[in-house]
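Written below as structure tokens is the structure these notes are about.
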Amino acid sequence: MITENSAPVNKHFVRQIIEADIAAGRNGGRVVTRFPPEPNGYLHIGHAKAICIDFGMAQEYGGRCHLRMDDTNPAKEEMEYINAIQEDVRWLGFDWGAHFYHASDYFEGMYAFAEKLIERGKAYVCAVPQDDWKDYRGVPTRPGKESPWRNRPVTESRDLFRRMKAGEFKEGELCLRAKIDMASPNIHLRDPVIYRILHAEHPHTGNKWCVYPMYDFAHPLEDAFEGVTHSLCSIEFEVHRPLYDWVIENLMSIVKSGDAAAVKWFVHDHEKYDGPQQNEFARLDLTFTVMSKRKLLELVENKLVSGWDDPRMPTLCGLRRRGYTPVAIRNFVETVGVTKFNSLTEVALLEHCIREDLNKTALRRMAVLKPLKVTIENAENLPATVAAQNNPEDPVAGTRQIPFSHELLIEAEDFMEVPPPKYFRLTPGGSVRIRNAGFLTCTRVEKDAVGAVTNVVCRWSPPTAELKVKGTIHWVSAPHAKPVTVRLYDRLFTVPEPDGQELDFKTFLNPHSLEQVTAFAEPAVAEAKRGEKFQFERVAYFVADVHDSQPGAPVFNHTVTLKDTWAKAEKAKKH
RNA sequence: UGCCGGAUGGUGUAAUGGUAGCACAACAGACUCUGGAUCUGUUUGUCUAGGUUCAAGUCCUAGUCCGGCAGCCA
């Protein structure tokens with residue numbers, strides 16, 4: 001069980017419902033949940049919330065959670081996604097054990113149940129063309145009217161349904177409708193389509209079927225067949241719940257009638273099983289990004305990002321490549337909470353969560369992104385190497401030796417000829433501590449033809465020198481420095497809500513969301529393994545890219561910047 | 001203006017009739033061989049109007065505003 005938070009558990013409404021159900025002995029006190037993605041895209045941070053809730057509730061209450069591909073629409077679904085989804089869920093830290101399913105596993109049972117509905121007068125084959133159905137369905141404020149086929153004989157419907165399955169009709173020619181209530185104020189109850197004809201190859205069942213169940217019909221059956229007790233989904237399905245319940249009631253009434261065939265549809269727990277119940281919670285939404293699969297696909301297809309796993313994407317594979325950890329994401333989801341309120345969470349909270357984790361775990365290294373040469377004039381007694389802690393937050397991480405020399409590179413912004421007030425770094429005549437290696441006092445500077453500083457000449461003092469300085473800067477030894485490719489990422493969009501604006505969301509793409517530079521790093525950095533995470537001290541957290549890093553030549557992706565109160569104050573001054 | 005939800009600081013969330021708390025953000029300070037981390041403090045909130053009650057964010061009534069629903073998508 002995952003318990004990285006020692007904070008008291010927030011008894012959100014889903015936990016309360018589950019605890020009440022256990023107390024009441026519903027479903028024999030079992031808790032079975034499921035995470036049911038449609039394999040038509042990659043999982044994103046919004047799905048992470050659903051995954052943490054679905055798997056988390058099962059873990060907490062001693063139950064199990066199924067991973068189920070909701071593959072009822074072969075026109076949109078692909079194997080690529082089915083594989084990626086499993087990888088992402090596993091990476092997030094969850095385990096479905098043997099409980100990996102496909103909705104398509106139950107097509108036989110769903111079909112048989114549909115026939116039972118026909119026989120019970122609860123469903124009929126309808127020939128009203130799709131375009132005409134708008135008139136029959138009516139509008140929310142006005143009731144619909146009944147299909148002319150609504151009361152056709154049971155035998156006729158059953159025969160037509162069988163011929164639909166046999167492939168005798170074209171797509172759209174006929175469909176199977178549940179016979180419920182055309183006057184219902186809930187549109188979903190106005191004789192919804194439960195089976196449609198689709199002549200498409202299915203990624204899992206191939207060409208076996210040409211009739212496919214609709215979500216509203218299939219989902220409750222999938223849940224019931226698997227013995228799911230709590231079917232947790234997002235709030236847009238709230239208005240579907242009466243239909244969900246209608247399907248379940250009809251199913252359970254057939255089961256309770258002792259129909260031997262019906263029992264075979266169940267793969268789990270049909271004994272002492274009261275049936276599943278649907279409960280809805282609000283989706284996760286984040287600032288400075290988009291969350292719909294359609295829009296993410298648009299970014300990928302238009303090559304506005306390098307792919308689904310571009311480190312700027314809010315996809316789980318993108319976040320993983322960016323250097324985010326499962327722990328950080330799980331903590332983030334727990335912090336955001338579970339309610340029915342449509343909220344917009346600031347991306348700053350996500351960034352806080354990854355900093356919190358990486359601060360504890362990432363090894364420290366030194367690297368200079370924009371170098372400025374420093375020459376030490378008193379080069380006689382310099383140490384060849386200096387020792388540094390790998391992680392001041394974690395003594396167990398040990399220490400390392402860093403080569404030192406009379407030629408250093410420092411960050412260009414760590415030297416200023418004419419410093420502003422409270423600038424604690426290197427200035428002409430001033431002193432500064434250099435991390436792990438004593439002090440530098442600037443004696444003079446060399447400039448090029450246009451007056452730019454090209455070399456800062458300094459006197460070095462050992463760490464034992466009692467120099468009073470207010471700042472510490474990072475450095476690398478120039479002759480030992482390893483050039484490494486560093487990709488600096490920023491937010492993908494320039495506005496907090498790129499969605500829902502008058503202009504297209506792509507208008508707000510941040511043109512500076514990726515900047516590639518060559519940084520100069522201490523030698524240890526060149527040995528970084530793919531996926532290894534570091535803090536380049538005073539700069540940011542980075543991860544060695546899993547795709548583009550080569551042995552001895554890592555490529556670093558910027559994960560999240562360190563907090564920088566100096567930069568913030570300077571920025572505030574300008575505005 | 002049909003039906004279903006929802007409304008607590010800038011953001012997210014807690015308080016289940018009894019002191020409106022926590023986290024992020026912002027701001028100020030302490031400390032610091034990372035202007036990081038850590039620590040301390042400050043600012044900012046119950047949608048409105050009535051009612052019930054000794055006591056209302058919570059219960060009741062009426063409004064206001066926001067979200068969702070009219071695919072043979074999920």
Side-chain angles (χ1 to χ4, degrees), chain A residues 7-8 10-12 16 36-38 40 70-73 75-77 103 126 128-130 133-134 137-144 171-177 184-190 192-198 211-212 214-216 218-219 233-242 280 282 284 287 293 335-353 355-356 359-360 364 366 388-389 392-393 422-425 433-439 463 469-474 496 535-541 561-570:
Chain A
N10 166 18
K11 280 264 155 59
H12 56 63
Q16 291 180 32
E38 184 189 13
N40 68 344
D70 214 356
D71 56 351
T72 56
N73 186 352
K76 295 166 66 174
E77 296 150 8
C126 180
V128 172
Q130 204 174 148
W133 182 253
K134 281 187 199 128
R137 184 181 41 227
V139 291
T141 52
R142 211 179 290 271
E171 287 185 12
E173 209 174 339
L174 295 175
C175 66
L176 186 70
R177 288 185 186 284
S184 172
N186 184 337
I187 302 247
H188 299 282
L189 259 20
R190 318 240 266 229
V193 173
I194 56 177
Y195 259 96
R196 81 286 212 189
I197 297 168
L198 249 28
V211 289
Y212 290 91
M214 297 287 289
Y215 169 87
D216 281 320
H219 207 87
C233 63
S234 45
I235 35 181
E236 70 264 32
F237 293 107
E238 218 154 17
V239 284
H240 296 239
R241 190 172 354 123
E280 310 84 7
L284 177 71
T287 55
K293 281 186 196 170
T335 305
V336 164
V338 183
T339 67
K340 294 173 95 79
F341 176 65
N342 278 303
S343 59
L344 177 63
T345 301
E346 290 176 345
V347 73
L349 182 60
L350 214 210
E351 293 171 345
H352 162 79
C353 289
R355 272 192 207 104
E356 187 182 43
N359 176 49
K360 287 184 288 195
R364 270 56 169 179
M366 287 199 285
Q389 275 193 292
E393 302 290 320
K422 296 198 177 171
Y423 183 81
F424 300 152
R425 307 174 192 182
R433 177 179 284 115
I434 53 173
R435 184 80 167 137
N436 303 307
F439 302 88
V469 296
K470 298 199 87 165
T472 301
I473 64 173
H474 59 282
Q535 182 197 104
F536 291 168
E537 289 196 76
R538 298 212 315 131
V539 180
Y541 292 99
T561 192
L562 249 30
K563 279 196 185 171
D564 189 344
T565 49
W566 169 250
K568 190 160 67 176
E570 287 297 290

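What you are looking at is a predicted structure, and each value in this text was computed from that prediction instead of being measured. Lettering of chains follows the sequences in order, A, B, ..., and the numbering in each one begins at 1.
Backbone-only engagement by His188(A) is indicated by non-hydrogen atom pairs under 4.0 Å involving sugar-phosphate atoms exclusively. At the heavy-atom level, Val128(A) lies under 4.0 Å from base atoms of the strands shown. Using a 4.0 Å heavy-atom cutoff across all strands shown, Thr339(A) reaches sugar-phosphate atoms only and no base atom. Residue contacts for Phe237(A): at a heavy-atom cut-off of 4.0 Å it reaches a base atom on one of the strands shown.
In this view, Tyr212(A) and Phe107(A), His202(A) satisfy the ring-ring contact (aromatic ring centres under 6.0 Å, His included) rule, not counting sequence neighbours. Checked against side-chain contact (heavy atoms from CB on, under 4.5 Å), Gln130(A) has no partners two or more places apart in sequence or in another chain. Considering only residues two or more places apart in sequence or on other chains, Thr339(A) meets the side-chain contact (heavy atoms from CB on, under 4.5 Å) condition with Phe341(A). Residues passing the ring-ring contact (aromatic ring centres under 6.0 Å, His included) test with His240(A) are His188(A), Phe237(A), sequence neighbours excluded. Take His219(A) and apply the ring-ring contact (aromatic ring centres under 6.0 Å, His included) test, not counting sequence neighbours, and it matches Tyr215(A). With sequence neighbours excluded, the residues forming a side chain to side chain donor-acceptor pair (under 3.5 Å) with Gln535(A) are Tyr541(A), listed by chain and number. Legend: residues meeting ring-ring contact (aromatic ring centres under 6.0 Å, His included) with Phe439(A), ordered by chain and number and at least two apart, are absent. Checked against salt bridge (Lys or Arg N to Asp or Glu O under 4.0 Å), Glu236(A) has the following partners two or more places apart in sequence or in another chain: Arg283(A). Annotation: salt bridge (Lys or Arg N to Asp or Glu O under 4.0 Å) contacts of Arg196(A) (sequence neighbours excluded): none.
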Checklist outcome for this item: Letter by letter from the 5' end, nucleotides 19-35 of chain B scores (B base, S sugar-phosphate only, - none; protein heavy atoms under 4.0 Å) -----SSSS-----BBB
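Comparing Leu344(A) and Pro36(A), the nucleotide of RNA chain B nearest to each residue sits closer to the 5' end for Leu344(A).
Proximity note for Glu38(A) (side chain, C-beta onward) versus rC73(B), rG68(B), rG71(B): the nearest is rC73(B). Closest approach to the Arg137(A) side chain among rG71(B), rU13(B), rA74(B) is made by rG71(B) (side chain taken as heavy atoms from C-beta onward).
What separates CG of Asn10(A) from C1' of rG12(B) is a distance of 11 Å, to the nearest Å. Residue His240(A) contributes atom NE2, which lies 13 Å from atom P of rG68(B) at whole-angstrom precision. In this structure, NE2 of His12(A) is placed 14 Å from C1' of rG12(B), rounded to the nearest angstrom.
At the phosphate of rA74(B), OP1 or OP2 sits under 4.0 Å from a side-chain N or O atom of Thr72(A).
Comparing rG12(B) with rU46(B), their C1' atoms sit 15 Å apart, to the nearest whole Å.
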Next on the checklist: Dot-bracket, 5' to 3', for RNA chain B please: Watson-Crick or G-U pairs under 3.5 Å, [ ] where pairs cross earlier ones, | where the partner sits on another strand, dots elsewhere.
Outcome noted: .((((((..((((....[..)))).(((((.......)))))....(((((..]....))))))))))).....
Under 3.5 Å, which protein N or O atoms sit close to an N or O of nucleotides 1-7 of chain B? Give each pair with its distance.
{"from": "rG5(B)", "atom 1": "O2'", "to": "Glu238(A)", "atom 2": "OE1", "distance (Å)": "3.3"}

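One finds the CD1 atom of Ile194(A) at 10.5 Å from the CG atom of Asp216(A) (value rounded to the nearest 0.5 Å). The CG atom of Asn436(A) sits 5.0 Å away from the CE atom of Met366(A) when rounded to the nearest 0.5 Å.
Annotated as syn: rG71(B), whose O4'-C1'-N torsion sits within 90° of 0.
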